[in-house]
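A quick write-up on the structure given underneath.
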Amino acid sequence: MELNTIKDAFDRVAKRQKLSCKSQEVVEQVGHEIEQALAKIETTNDPLSPGDLKSILTELKLKLNTSGPLHQLEGLQKENNTNLSKYPKLLDKAFNPDISKAYRNVDFDFHIVNQIIASHFYRQGLFDLGDCLINEAGEPEDIVIRSHFLEMYQILEALKVKNLEPALKWITANREKLMQTGSSLELKLHRLQFMEIVQKGSKADALKYARTYLAPFASLHMNEFLKLVVCIVWVGKLDSCPHAELMAPTRWEDFTEELTQQFCSLVGQSCHSPLSVAIAAGIEALPTLLKLANVMAAKKQEWLAMKHLPVPLELGKEFQFHSIFVCPVSRDQGSEENPPMLMPCLHVLCKQSIMKLSKSSSRSFKCPYCPSEASAGQCRQLHF
Amino acid sequence: MEIDPLPNGSGSAAATPAETAATTTAPSPASNTTTASKLSQLTESLKLEHQFLRVPFEHYRKTIRANQRTVEKEVSAVISSVTDVADSNELSKADAVLNLTSLVCRLQGLKRKLEEGSRTENLQAQRCRARLDHLESMDAENLSEWNNVRLKRILVDYMLRMSYYDTAVKLAESSNIQDLVDIDVFQEAKKVIDALRNQEVGPALAWCIDNKSRLKKSKSKFEFHLRLQEFIELVRAENHMRAILYARKHLAPWGATYMKELQRVTATLAFRSNTECAKYKVLFEPKQWDFLVDQFKQEFCRLHGMTLEPLLNIYLQAGLSALKTPYCYQDDCTKEDPLSQESFQKLALPLPYSKQHHSKLVCYITKELMDTENPPQVLPNGYVYSTKALKEMAEKNNGKITCPRTGLVCNYSDLVKAYIS
């Protein structure tokens, strides 16, 4: 993108700063002329004949009309106006002048949108903003989501100052649910606390902590437990400890991130804001959609009525949430009626394509991708 | 997704040298193309920022024009009064002095105004520059932060258009992005909208006069509709004589272009506000004022070079179309998909499904993409998982695999790789 040319063009417009100085000069000049005339009138000895007065004033009038301050102003403006109208044209050319071209005029229920935004703010820890929006828009408050995230941010705030108390409280309260998901948050929390004690250098404290809090994990996480306890030996000279990874500088951030993820999944929320994800996907998809809308401009009605987009929108990996099978022969998307089938040669086609190729289930046919032959009966349905 | 074709059973030995050569050379062009495509994607996304640059510029241009106009008007007024003074025949000295002094004062006032005007111009030019700089500042390193700011800009835009000014201001201030959003532009709109909500047309009419030439160019009917509404209010108040006078003065000039509408509205003189005739009853309904608000918003956006829809709606719609698949509406949809949420599902209902030309397979266990590096493997029961997940499971359980969806237990050696292109 040629942002530089746009910047240059803007500089040309902004030069008008100088022009506005010039128009100030013109104003000053006019003022000056009038003041001079005034001075002349006042200094001329008293019984000023009407003829003299008249001549001074006529002189002034002529001066103002011939020096043409108005002409000067006009000239300045002309120069200005061309630059002013050039710049938007340049913008139109360099950018997409109307990104709403691909927009389908369907009513987005703004109540839903407001709720989504409020939840987004809560999720970001911006409780003030969320409340402010709810008030201003007069939406009903979503107390459940708000209180979930409020609790989460209390835990995270405490973590920032290395206070593990609220986190521990939450983990203990949800121990069973966390166990079901195979979470090792509790151990990781105690590991963090333990390493803090070890770094402080008191062997007795470390040992005491290990006995009370780490021992219960020994049976399930023997390796981890041994590693931690061994660190006591290196108290005071941790630099040479073989388990340096336990003191990785990012360990607090890592723990915070893991806790955030597990907290969100436990309260039934995604770990990224769905609004951010949807908007980010939109930004990736929109350029292609706009091109499509341009191509289809002539058939606008069709474009608005389409049930499926006619072209694929290539989104990044992070937006891939579902397995989508596309038959390489028919280009149809797999579905329950038309599932993907694995042929004996390990190539995969959809059921309809296989039926078309074989014509009957006993007759064998050649795989479109390799020389081997197969019959429909030999093919197995796949589940992704 | 492209997965390497099945090697011919016999040719595997011969293929090895070629394969190793391919693997050593392949990564660099591949990574080059991904960064190149990433770059072009960034450029494409920058091209969506038309409004971001256009709006402050329109604002700037408006100030410049207004300043020009005042100078021109004042200077020509001063010159013409000098001419008047000079041309008048019976003028005492005192009068002349008085006249000229008042002109000097007037010019001094103009100068002050100009200085103030050029200060505003400067500020607005700075804002235009700040935005250009912001666009330029985007690069691969600060991308996530930049995207974050973009989302906030989009949200502020939405709130301004929806008239949630407090939230808009709060968000802009707390994120320190005042230069990147158009709060002051919307201040002007706020006055008009508030007045219309109170059923006053004054500020709206003043706004129409301010922007007369541009509204005329776009053949806007907004002013006409404001006049019609004022007329309706006079009829509602049974102030018929004034209504007729008003119609003569303010409605008649539009007769040439919008005769039908004009006739319908003036017919209310006969029907009065308590009419049951549907065609005329609707004209007296309070929602007519809401229409005026909407119409004003449209005209306002058009004049300032904004999209008519909030940016949020545009991006959200594009995103939802791109993400929408039949699988989103199934119960086992992953929470990470925005479309697993009821609110997003509702918004996406009228939108089309996305389309794929190539298979995109996501491992049920790790949720990672299955591709050449992490190919899909098939269990004897036809369930497919990624190599990475299955390997990990096998290592933990002495080579045994348990299908998480059916409970089937099998050996890692029973698996076959599926070739999907």
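Each chain gets a letter, A, B and so on, in the order the sequences are listed, and its residues count up from 1. Atoms considered below: every heavy atom in the structure, side chains included; atoms not considered: hydrogens, waters and symmetry mates. Nothing here was measured: the structure is a model prediction, and the numbers come from that model.
- Just one of H50(B), R54(B), R161(B) meets the side chain to side chain donor-acceptor pair (under 3.5 Å) condition when paired with T307(B); it is R161(B).
- Within the 4.5 angstrom heavy-atom criterion, atoms from both the backbone and the side chain of T101(B) approach chain A.
- Ranked by heavy-atom pairs under 4.5 Å with chain B, the first of L126(A), D128(A), L275(A) is L275(A).
- Between E72(B) and R69(B) there is no salt bridge, since no side-chain nitrogen of the basic residue lies less than 4.0 Å from a carboxylate oxygen of the acidic one.
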From CA spacing to verdict: side-chain contact (heavy atoms from CB on, under 4.5 Å), H120(A), L151(B): CA-CA 11 Å; H120(A) 170 80; L151(B) 178 60; 3.5 Å; yes
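- Note: V113(A) leads D98(A), V113(A), T58(A) in heavy-atom pairs under 4.5 Å with chain B.
- Between chain A and the residues R405(B), M159(B), E74(B), E342(B), the most heavy-atom pairs under 4.5 angstrom are made by R405(B).
- When each of L339(B), L308(B), T334(B), L155(B) is checked for heavy-atom pairs under 4.5 Å with chain A, L155(B) comes out on top.
- In terms of heavy atoms, D11(A) sits closest to R129(B) at OD1-NH2, 3.2 Å.
- Put simply, of I154(B), L316(B), V78(B), the one with the most heavy-atom pairs under 4.5 Å next to chain A is L316(B).
- Note: Q317(B) leads K170(B), Q51(B), Q317(B) in heavy-atom pairs under 4.5 Å with chain A.
- Taking chain A as the reference chain and counting heavy-atom pairs below 4.5 Å, the highest number among G319(B), S354(B), C363(B) is found for G319(B).
- Remark: T406(B) engages N381(B), Y383(B), C403(B), L408(B) in a side chain to side chain contact (heavy atoms under 4.5 Å, CB included) (not counting sequence neighbours).
- Contacts between P340(A) and chain B at a heavy-atom distance below 4.5 Å are absent for every atom of the residue.
- With a threshold of 4.5 angstrom between heavy atoms, L100(B) approaches chain A through its backbone and through its side chain.
- With chain B as partner, the option from D131(A), D107(A), D109(A), D92(A) having the largest number of non-hydrogen pairs under 4.5 angstrom is D92(A).
- For the pair K317(A) and F319(A), the cation-pi criterion (under 6.0 Å, within 45° of the ring axis) is not fulfilled.
- Interface check for chain B: of the options S119(A), C132(A), A102(A), the most heavy-atom pairs under 4.5 Å are formed by C132(A).
- Only the side chain of F121(A) comes within contact range of chain B, with heavy atoms under 4.5 Å apart.
- For E115(B), the parts lying near chain A are the backbone and the side chain together; criterion is any non-hydrogen pair under 4.5 Å.
- Heavy-atom distances place both the backbone and the side chain of R104(A) under 4.5 Å from chain B.
- Residue with the most contacts toward chain B among E74(A), K307(A), H322(A), H308(A): H322(A) (heavy-atom pairs, distance under 4.5 Å).
- Listed by chain and number, the residues in a side chain to side chain contact (heavy atoms under 4.5 Å, CB included) with N96(A) are I99(A), L290(A), L48(B) (sequence neighbours excluded).
- Looking at H32(A), neither its backbone nor its side chain comes within 4.5 Å of chain B, counting heavy atoms on both sides.
- For the options S273(A), G268(A), G334(A), heavy-atom pairs under 4.5 Å to chain B are most numerous at G268(A).
- Neither the backbone nor the side chain of L349(B) comes within less than 4.5 Å of any heavy atom of chain A.
- Contact of the E33(A) side chain with the L60(A) side chain is registered, since non-hydrogen atoms from C-beta on lie closer than 4.5 Å.
- In this structure, no portion of R106(B) lies under 4.5 Å from any heavy atom of chain A.
- Heavy-atom distances place both the backbone and the side chain of D337(B) under 4.5 Å from chain A.
- Aromatic rings of Y87(A) and F10(A) (six-membered ring for Trp) have centroids within the 6.0 Å cut-off, being under it.
- In this structure, the portions of L312(B) lying under 4.5 Å from any heavy atom of chain A include both its backbone and its side chain.
- Shortest non-hydrogen contact noted between P274(A) and Q341(B) is CG-NE2, 3.7 Å.
- Judged by distance alone, with hydrogens and angles left aside, the side-chain atoms of E136(A) form a donor-acceptor pair with the main-chain N or O of T167(B) at under 3.5 Å.
- The two residues L309(A) and K355(B) have their closest heavy-atom pair at O-CB, 3.2 Å.
- When atom types are taken as modelled, the side chain of Q108(B) and the backbone of L103(B) share no donor-acceptor pair closer than 3.5 angstrom.
- For M306(B), no part lies under 4.5 angstrom from a heavy atom of chain A.
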